[in-house]
Structures are given as structure tokens and as C-alpha cells.
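I have placed the structure first, in the form of C-alpha cells, so that the comments after it can refer back to it.
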Amino acid sequence: MIKVENLNKKFKNLHVLKDIELRIEKGEVVVIVGPSGSGKSTFLRCLNRLEEIDSGEIIFEGKSITDDKNDVNKLREKIGMVFQQFNLFPHMTVLENITLAPIKVKKMNKNEAEKVALKLLDRVGLKEKANAYPSQLSGGQKQRIAIARALAMSPDVMLFDEPTSALDPEMVGEVLEVMKQLAAEGMTMIVVTHEMGFAKEVGSRVIFMDNGKIIEQGTPKEVFDAPKHPRTKEFLRKVL
Ligand code: ADP
Ligand code: MG
């Protein structure tokens, strides 16, 4: 589904991603871990071209996302993203947040978009919040709405950038629960997280990044129980 070849990304003189090579198959749940500043967020942002890359190639469902012949907006519709800070539109209700892109981008009619949105709200357990504003929701609820909003575009892959890092501890579980359910339904997911329990339980593969490189990868068991690289060992000692 995703093929990354020889990806390099710099911010001025700062070489943030170095020769990243990665293939992700449909249905995989890939968990990316690594220290702060190692390039995890930048990598996710490159995947849907929120960042321009300096060299290399990213092929999504057979199409290069950096080739201007391919409509990047069309590709982006298929790539959902959930951020640490939710990024809901504060002046819109939950229902408006979820239906905005399907109506504007997918040209879905309002009734149809609302029907889909209510189904998704039911799925994340927040049907009764359809007419609430983001400010009236808890962090965990906001993040579940953000997930529903991304799903409303029927993406083929979901990218999560530390989706629970901004949450109070008692709200982490409800968001991870929604993500686990998604994974169980077969969604292809790339998840940057420090939630090692989640990684162990639902990750099909764990990737350890350090200083712009993929240092190590394997099944959760391989990476967590028998890390090979000294940097991985050191990192896991601190977080586990
Ligand atoms: P992580 O998500 O693993 O913490 P990031 O991808 O956010 O790492 O950042 C990787 C490096 O790139 C860091 O050194 C960070 O300061 C730098 N960086 C990230 N975004 C920008 C930007 N827009 N401009 C300049 N430097 C950036
Ligand atoms: Mg980050």
C-alpha cells in the first residue's frame, strides 16, 4: 500500500530524515517509536505531503505522491490523519466538523454526509455529542471526534501522531479502545505513540527511529523483548 524509497528530508541544514526505506502492506498496524526529535512526526507529514521531501520517493497505492501529475488532494483523501492536538474547528459543531470535508471535497450531499457522520459517532461512542461544540468536550472525546472526522473520508490508511499524548491519563484508554477496534476491522494504520501496551497488543510491526533513521524494526515481541540495537535498548529501558 505504501512504499517509501530512499526518503530524505531537510529543514535548512538540519537533516531530519535520512534514507528512509519502508514498505507497508494493507491491513498492517505499524507502530513508530523513538525519542523526541528523531523525525517521527516529520515522517508522517511527508507521507501525506504536508512536508515536501528533498529526495526519494513515496508511492501510495501505486502512485507517487510527489509526482505533480497525480492529484495530491485525491491521494490525501485516502490518507486520514489524527494529531496530538485534535485540530477540530472550534466554531463548528461536532457534526459540522465531521461533515465538512465529505461535503466540500467529496461533494457528498448534506443528508448523506450527516448519515455517515452519525454512524461514525455511534462507532466512537459519541452519538449524543453531534450538536456539541469542541469546547464542550473532554480531551478524550475530542480525539474520538477527530478520529471519526478522519474516517468520514473513508481513508485507506490512518496516520496517528501521538494521539494520546495530550490527554489526561484517565482518557487515554477510551481513545486507544477506538484505535484497537479500527485495527481489528482491518484498517491500515501507522501510529506514532509512546503507549507500549498498545504497540504490543495491536502492532503488527514496531519501528524504532533515532536521529532521522530507522534503526530497528520487527514484531513487537522481537523489538520489545529482544532489541538488538544499543539505542533501542536504551530507549526501551527508559519507557517500559
Ligand atoms: P519527533 O516527532 O520524532 O519528535 P519531529 O519530526 O517533530 O520529531 O522533528 C525532527 C527534527 O526536525 C527536530 O529536530 C525538529 O526540531 C525539526 N523540525 C521539525 N519540524 C520543523 C520545521 N518545520 N522547521 C524546522 N525544523 C523542524
Ligand atoms: Mg512528533
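Whatever order the structure lists ligands and atoms in, that order sets their numbers, starting from 1.
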field: side-chain contact (heavy atoms from CB on, under 4.5 Å) between R49 and L75, worked out
entry: CA-CA 10 Å; R49 216 175 157 185; L75 293 174; over 6 Å; no

task: Decide side-chain contact (heavy atoms from CB on, under 4.5 Å) for R45 and D161; before the verdict, give the C-alpha distance in whole Å, the side-chain angles of both, and the deciding distance to 0.1 Å.
output: CA-CA 9 Å; R45 292 168 60 80; D161 192 359; 5.6 Å; no

message: If you count heavy atoms of other groups shown closer than 6.0 angstrom to NZ of K119, is the number above 12?
response: no

task: Check whether any side-chain heavy atom of M209 sits under 4.5 Å from a side-chain heavy atom of I20, and report yes or no.
output: yes

- prompt: Is the shortest side-chain N to carboxylate O distance from E201 to K180 below 4.0 Å?
  reply: yes

message: One thing to verify: whether E234 and R231 come together as a salt bridge, which I'm taking to mean a side-chain N less than 4.0 angstrom from a carboxylate O.
response: yes

statement: What lies under 2.8 Å from the Mg ion (ligand 2), restricted to protein N/O/S atoms, is S41 OG

task: Please examine the side chains of H229 and D210, heavy atoms only from C-beta on, and report whether any two atoms are closer than 4.5 Å.
output: no

message: Test side-chain contact (heavy atoms from CB on, under 4.5 Å) on L182 and I147; report intermediate values, then the result.
response: CA-CA 10 Å; L182 255 187; I147 294 171; 4.3 Å; yes

message: Do I207 and I190 make a side-chain contact, defined as non-hydrogen atoms from C-beta onward lying under 4.5 Å apart?
response: no

- line: Sorted by chain and residue number, the residues having a heavy atom closer than 4.0 Å to an atom of ligand 1 are F11, L14, V16, P35, S36, G37, S38, G39, K40, S41, T42

